[in-house]
Amino acid sequence: MKPTVAPFPAARLRRTRQSPAIRGLVRQNALTVEDLIWPVFVRAGEGIEEPVPSMPGVVRRSVDKVVEAAREAADLGIPAICIFPYTGMEERTEDCAGAWDPENHANRAIRAIKAAVPGIAVMTDVALDTYNINGHDGLVVDGEIVNDATVEALVRMTLAQAEAGADIIGPSDMMDGRIGAMRAALETAGHRNVMILSYAAKYASAFYGPFRDAVGASAALSGDKKTYQMDPANSDEALRLIERDLNEGADMVMVKPGLPYLDICRRVKDTFGAPTFAYQVSGEYAMIQAAAQNGWIDGERVVLESLIAFKRAGCDGILTYFAPQVARLLAR
Ligand code: PBG
């Protein structure tokens with residue numbers, strides 16, 4: 001549809017910007033608390049809230065504190081929380097067996113949240129990086145990140161999370177064939193209503209730096225993730241990945257990182273019309289927080305502006321570390 005604009009002065013486009021009432025009337029997009037998924041970091045111990053230095057305002061919580069956070073999120077109306085485990089070097093192995101341990105930090109947190117706060121949806125992260133001695137999302141054999149053996153490991157991890165009570169499985173690994181394998185395993189195990197939100201278009205991004213600190217992967221990671229995560233220069237490939245994952249049984253899809261990839265969000269929504277999410281990742285969070293803390297930008301306004309941008313680009317929801325702050329701002 002080509003926009004038609006009458007010649008001046010028939011058209012004075014400022015007319016519809018003249019007051020808050022009129023601006024509200026013509027406003028096209030809205031951000032609501034229902035659009036938010038809150039990523040949280042869980043670690044060992046009890047009664048612990050440990051700051052993540054590269055993500056001011058974000059903490060790693062022990063399971064009991066994660067449950068408190070989930071209750072707070074539910075009270076604020078946030079529909080979903082996403083669990084990421086922090087693991088120390090001593091918890092990491094070459095075979096990544098911790099990933100499918102029913103007693104790992106993530107699975108304990110899932111069970112505890114579902115028991116205490118059943119109303120909030122729990123999303124997970126499926127990738128081996130937080131259990132891997134070398135920080136990669138896949139198994140490493142002779143220096144190669146091997147695909148098919150990794151998919152088998154990811155399926156075991158998925159089933160352990162579903163068993164723990166996860167509502168939404170979040171594969172962030174970028175291996176080929178994993179969505180189909182996970183979907184088949186979930187069906188076979190009777191987890192018919194467990195959803196998959198695929199990190200389908202995930203780029204090899206420097207914006208993940210602070211996250212890797214948060215989960216303890218920075219020190220572990222050898223090399224980069226470019227043989228599995230996408231080249232930031234590519235756009236068409238994102239559509240092929242999204243189509244492939246939807247065909248394999250993903251219920252929802254994600255573009256990641258967020259703000260630098262809004263063109264991808266728009267193409268994905270326009271092409272497939274599937275539930276589409278973006279992840280405002282750790283580096284995006286850190287940049288906004290750093291500038292706000294220095295008084296260089298108005299943090300609250302920048303956060304809200306950054307999130308409405310996702311809605312404008314066609315996203316149905318956003319994973320953001322700002323979720324609780326935003327919920328409070330929106331309620332005001
Ligand atoms: C792990 C994973 C990463 C993020 C989410 N899941 C890091 C990576 O791929 O290296 C990044 C999230 C963020 O930066 O906030 N596979």
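Positions are given from 1 along the sequence. Whatever order the structure lists ligands and atoms in, that order sets their numbers, starting from 1. What you see is a predicted model, and the numbers here were worked out from it, not measured in a lab.
Summary of contacts: the protein heavy atom closest to atom 9 (O) of ligand 1 is Lys202 NZ, 2.6 Å. The protein atom (non-hydrogen) at minimum distance from atom 14 (O) of ligand 1 is Ser282 OG, 2.7 Å.
A salt bridge between Arg244 and Asp176 is present, with a side-chain N of the basic residue lying under 4.0 Å from a carboxylate O of the acidic one. Salt-bridge formation is detected for the pair Arg183/Asp251: a Lys NZ or Arg NE/NH1/NH2 atom is positioned less than 4.0 Å from an Asp or Glu carboxylate oxygen. Between Asp270 and Arg266 there is a salt bridge, with a side-chain nitrogen of the basic residue lying less than 4.0 Å from a carboxylate oxygen of the acidic one.
Remark: ligand 1 atoms within the under-4.0 Å shell around heavy atoms of Lys256 are 2 (C), 3 (C), 4 (C), 5 (C), 6 (N), 11 (C), 12 (C). Within the listing of ligand 1, atoms 16 (N) sit less than 4.0 angstrom from a heavy atom of Ala127. Residue contact check: Lys225 has heavy atoms under 4.0 Å from atoms 8 (C), 9 (O), 10 (O) of ligand 1. Every atom of ligand 1 is numbered from 1 in the order shown, and the set under 4.0 Å from a heavy atom of Tyr321 is 12 (C), 13 (C), 15 (O). Which parts of ligand 1 touch Ser172 is read off a 4.0 Å heavy-atom cut-off, strictly below it: atoms 1 (C), 2 (C), 6 (N), 16 (N). For ligand 1, the atoms sitting less than 4.0 Å from at least one non-hydrogen atom of Asp129 are 1 (C), 2 (C), 16 (N), numbered in the order shown with element in parentheses.
Note that CZ of Phe207 is 7.0 Å distant from OH of Tyr261, once rounded to the nearest 0.5 Å.
Residue contacts with ligand 1, taken as heavy atom pairs separated by less than 4.0 Å, involve Asp137 solely via side-chain atoms from C-beta onward. Here Thr130 has no heavy atoms under 4.0 Å from ligand 1, in either its backbone or its side chain.
At least one cation-pi condition fails for Lys256 and Tyr199: the charged atom is not both under 6.0 angstrom from the six-membered ring centre and inside a 45 degree cone around its axis. Geometrically, Lys202 does not engage Tyr228 in a cation-pi contact, judged by NZ or CZ lying under 6.0 Å from the ring centre and within 45° of the ring axis. Under the 6.0 Å distance and 45° angle rule, Arg60 counts as a cation-pi partner of Tyr86.
The side-chain contact (heavy atoms from CB on, under 4.5 Å) with Ile37 is formed by just one residue from the set Thr320, Ile168, Leu197, Ile78; it is Leu197.
Of the candidates Tyr279, Phe84, Phe211, Phe211 brings a heavy atom nearest to atom 3 (C) of ligand 1.
The closest approach between Glu284 and ligand 1 stays at or above 4.0 Å for every heavy atom of the residue.
Using a distance-only test at 3.5 Å, with no hydrogens or angles considered, no donor-acceptor pair links the side chain of Thr276 to the main chain of Cys315.
Considering both main-chain and side-chain atoms, Arg212 comes within under 3.5 Å of ligand 1 through a nitrogen or oxygen pair.
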